[in-house]
Enquirer: 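Sharing a structure below in structure tokens format, with a few things to ask.
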Protein chains: 2
Amino acid sequence: MKQAIRAAAPLTLFLASMAWPGAAIAGPDTALSIDHLREKALTDSTAWKLVEQLTTLFGARPAGSPSEQAAALWGAATLRDMGFAHAAAEPFALETWEPGTYFATIVAPNPQQLVVTPLGGTTGASVEAFAAVFPTYAAFKAATPEALAGKIAVVLEAIPRTQDGSGYSRAIAIRMNGAREAAERGAVGYLMRGLGTQKERTANGGAARPEKTPFPAFALAPPDAEQLGRLARLGPVRLRLSSSAGWTGKSRSHNVVAEIDGRDPAAKAILVSAHLDSWEQGTGAVDDGFGIAVVTAAAKLVRDLPVRPRRTIRIVWFGAEEVSQPEPVNTFAGARAYAARHATATPPLALVAESDGGAGRVLRLAIGAPENGDLVVRLRSALSPLGVSVLAEAPRAGGPDISVLQATGIPAFRLFQDASSQFDTHHNANDVLSAIDPAALSQNVAAWAVSLWLIADSEDPDPAAPR
Amino acid sequence: MKQAIRAAAPLTLFLASMAWPGAAIAGPDTALSIDHLREKALTDSTAWKLVEQLTTLFGARPAGSPSEQAAALWGAATLRDMGFAHAAAEPFALETWEPGTYFATIVAPNPQQLVVTPLGGTTGASVEAFAAVFPTYAAFKAATPEALAGKIAVVLEAIPRTQDGSGYSRAIAIRMNGAREAAERGAVGYLMRGLGTQKERTANGGAARPEKTPFPAFALAPPDAEQLGRLARLGPVRLRLSSSAGWTGKSRSHNVVAEIDGRDPAAKAILVSAHLDSWEQGTGAVDDGFGIAVVTAAAKLVRDLPVRPRRTIRIVWFGAEEVSQPEPVNTFAGARAYAARHATATPPLALVAESDGGAGRVLRLAIGAPENGDLVVRLRSALSPLGVSVLAEAPRAGGPDISVLQATGIPAFRLFQDASSQFDTHHNANDVLSAIDPAALSQNVAAWAVSLWLIADSEDPDPAAPR
């Protein structure tokens with residue numbers, strides 16, 4: 001913690017301390033008080049206040065930007081004011097990328113502006129060329145260099161709306177690899193239909209594999225992709241792309257950390273997390289102000305219980321989740337910095353978790369623990385009233401940042417959310433406060449609060465260890 | 001028609017001529033054939049093809065722009081190819097306004113970009129100042145010059161969603177007059193919540209009273225207005241507005257006209273219209289490609305009947321409906337040019353009508369004709385299956401452009417549409433083809449086709465004359 005910034009940000013969040021009306025109630029691990037914790041969470045306003053203030057005060061928080069830095073200092077002060085221990089903003093170095101100024105225009109048959117956003121990590125240029133239009137990524141991949149040479153490659157594949165987000169996951173190579181694949185075959189630019197399910201005219205950005213070679217690459221708003229498809233069926237389409245996107249040098253980002261000290265110093269700790277940075281068009285309300293608010297408000301409810309949990313609970317707001325780093329190419333710089341800094345921290349981590357799945361309701365919790373064991377039975381009982389089922393099997397992927405800690409051998413648990421509408425606002429200008437349903441936010445807080453208490457207070461010394 | 005352009009546009013619309021399978025059917029004014037006309041209209045694809053091609057080929061069509069000019073030439077050629085008589089694009093002079101490049105930024109407490117669009121007719125500048133934020137237009141109007149001097153006036157009033165569009169009509173002074181009123185009291189800039197009902201982050205533009213004094217004036221996207229409201233409650237907000245909007249000189253626009261010659265040369269004519277120009281952000285699909293498609297497809301269905309209607313039917317696609325003109329300040333330049341050019345045309349006009357009310361279903365028709373008279377009885381019978389009621393009373397306002405002809409004493413009829421969702425896309429980037437519901441489009445075509453036939457074929461020499 002030596003390099004931590006513990007600045008007093010000028011605007012801090014004064015959240016009324018919530019008294020636990022439970023003197024007459026037995027310990028918090030009884031059924032009665034778990035019910036009380038869940039019901040209290042459902043009417044608690046902490047999460048809404050957090051995401052409202054974060055998104056209103058700081059707006060968009062691109063990784064390494066002044067707004068992300070200011071939000072991190074505010075975050076450390078806010079966590080301290082909320083009564084958490086060891087609150088700090090821990091800096092780490094970052095190469096920063098900026099979208100710059102950009103446009104995409106249909107030049108012929110008649111001039112039209114397109115709604116686009118540069119793909120993160122690409123380096124812009126200005127080109128004018130005819131379009132080579134492909135309905136699917138597979139058709140683009142199958143195209144010969146002759147079909148692409150000197151053209152702007154255009155991939156119009158749409159992602160389906162799915163409850164589990166798999167429509168996005170299966171399509172992510174279109175964004176991660178398409179620009180590079182187009183450049184390798186002689187194209188002079190790349191346009192893809194953004195990976196969004198909305199009908200509105202917003203372009204879904206996000207990281208591509210970082211490139212320093214000037215090559216304009218954009219995501220199109222869905223209606224603009226459809227417009228290009230219709231126009232291409234009527235005849236040749238000439239396009240002009242211009243982008244000053246690129247790598248702007250070294251900066252720093254922060255992981256914001258805080259703790260609830262557990263009552264048993266020998267027990268392994270629990271880490272719960274979300275990410276503070278966002279893409280530049282919206283205010284990162286859903287992705288991932290929602291996650292920040294949920295895990296923090298849930299931890300605050302646990303902190304305000306009349307007894308401390310057995311295990312220490314660490315809260316981490318990761319910086320720089322959204323962007324990739326160029327040399328060497330890697331992702332999740334914040335999680336990597338956290339893992340490196342805290343590799344030998346005590347107590348070690350028993351379980352890690354992350355909220356970064358949109359703003360939908362929690363549908364199920366997955367944790368690698370004995371089926372019909374005490375913990376799973378308690379979790380099922382506590383979560384059932386929220387419509388959350390419990391799967392006694394570790395999640396393969398705990399979340400983007402958390403994957404870095406999972407890779408070091410630490411088990412994860414995960415609260416899976418309904419992702420049906422996640423990709424309406426994902427990485428686009430509509431990721432703002434009004435995209436959050438307060439009822440879904442409350443349900444998430446309640447699901448996290450009871451899960452966090454039951455997992456942190458479990459008597460099993462290693463509840464999710466492989467056995 | 002002497003100055004008319006009758007150019008052959010390179011891309012014209014080849015619509016299959018639709019044969020009327022009615023040799024065995026009595027005249028088209030019988031109940032049987034009116035039913036047939038209505039049912040045929042409901043499955044006819046002409047309107048969809050028209051609006052699809054118009055919006056796909058030409059995109060946005062700001063008044064006087066090359067795209068509006070190209071669309072007008074295409075329109076005249078298309079109307080001729082569809083079999084209408086006397087198809088032509090009739091030019092008129094126009095002072096043009098362009099939005100230029102612009103941005104609005106929150107400078108403090110932390111930098112944030114706002115989604116805005118310049119108000120039409122205003123002349124931009126660059127300013128930085130603190131915001132004077134008002135929740136309503138009334139509060140802004142009540143503010144003293146001291147409260148506004150040196151500030152950027154911000155009006156956050158939201159319009160309600162209404163079926164009749166009255167939420168917009170009642171608020172239009174906020175856009176038309178607010179910038180001037182702010183300037184008169186010493187403000188240095190003006191921001192208003194755009195007059196839209198959407199929750200998405202698009203800014204609803206539209207005309208303000210034309211000003212040549214540099215004074216930046218923007219409409220905000222609804223979520224950005226809410227963001228400013230929340231931020232202002234937390235402390236002072238400093239803004240920077242920059243706009244190069246302004247008057248760019250003289251150009252020309254066109255009214256596109258065509259006719260179905262009536263079989264009785266002595267009968268007064270009917271004029272049906274919509275407008276061809278659009279604001280610059282969307283492609284003018286709803287406003288007013290929808291209206292162009294509806295009136296044209298309905299007239300085409302009437303034209304393809306086995307007998308000509310008694311009256312001549314004039315189709316007019318007005319140019320330059322959206323913008324105002326500066327010296328002298330006036331509106332509806334296209335309609336004024338049409339009225340001046342055709343003031344002494346023969347046959348004179350018995351009735352005029354316009355489709356410019358969004359893309360909702362038709363709810364009722366209003367026409368000043370005798371209650372329980374032959375025409376109203378027939379209209380009720382023909383329109384009832386479409387869920388359209390008939391009001392035997394002239395509409396006070398027939399529509400924006402048509403108001404110019406009404407002012408010369410010509411009666412109007414009007415098909416009122418459901419405007420509940422009109423202001424979700426009105427004058428913003430989401431006014432694109434996907435905002436049109438094909439079923440509502442078909443219902444409009446059917447309602448217009450049967451109305452047009454029955455009115456045009458009415459034996460009353462002056463069906464809507466005041467009596």
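Heavy-atom basis, side chains included; hydrogens, waters and symmetry copies ignored. Throughout, protein chains are lettered first and strands after them, A, B, ... in sequence-line order, and every chain is numbered starting at 1.
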Enquirer: At what distance, to the nearest 0.5 angstrom, does CG of A/L231 lie from CZ of B/F58?
Expert: 10.0 Å

Enquirer: So which part of B/Q113 gets closer than 4.5 Å to some heavy atom of chain A, the side chain, the backbone, both or neither?
Expert: neither

Enquirer: Look only at the side chain of B/R201 and the backbone of A/T202, and say whether a donor-acceptor pair between them is shorter than 3.5 Å.
Expert: no

Enquirer: What residues, two or more places apart in sequence or in another chain, satisfy ring pair (Phe, Tyr, Trp, His ring centres under 6.0 Å) together with A/F423?
Expert: A/Y168, A/H426

Enquirer: Among B/E280, B/E200, B/Q281, B/E52, which has the most heavy-atom pairs under 4.5 Å with chain A?
Expert: B/E200

Enquirer: Which atom names give the shortest non-hydrogen contact between A/T56 and B/Q112, and what distance separates them?
Expert: O-NE2, 2.8 Å

Enquirer: Can you name the nearest heavy-atom pair linking A/T55 to B/Q227, along with the distance?
Expert: O-NE2, 2.8 Å

Enquirer: Would you say the side-chain atoms of A/N110 pair up with the backbone N or O of B/S67, donor to acceptor, closer than 3.5 Å?
Expert: no

Enquirer: Only heavy atoms, only distances under 4.5 angstrom. Which residues in residues 427-435 of chain B are near chain A?
Expert: B/A429, B/N430, B/V432, B/L433, B/S434, B/A435

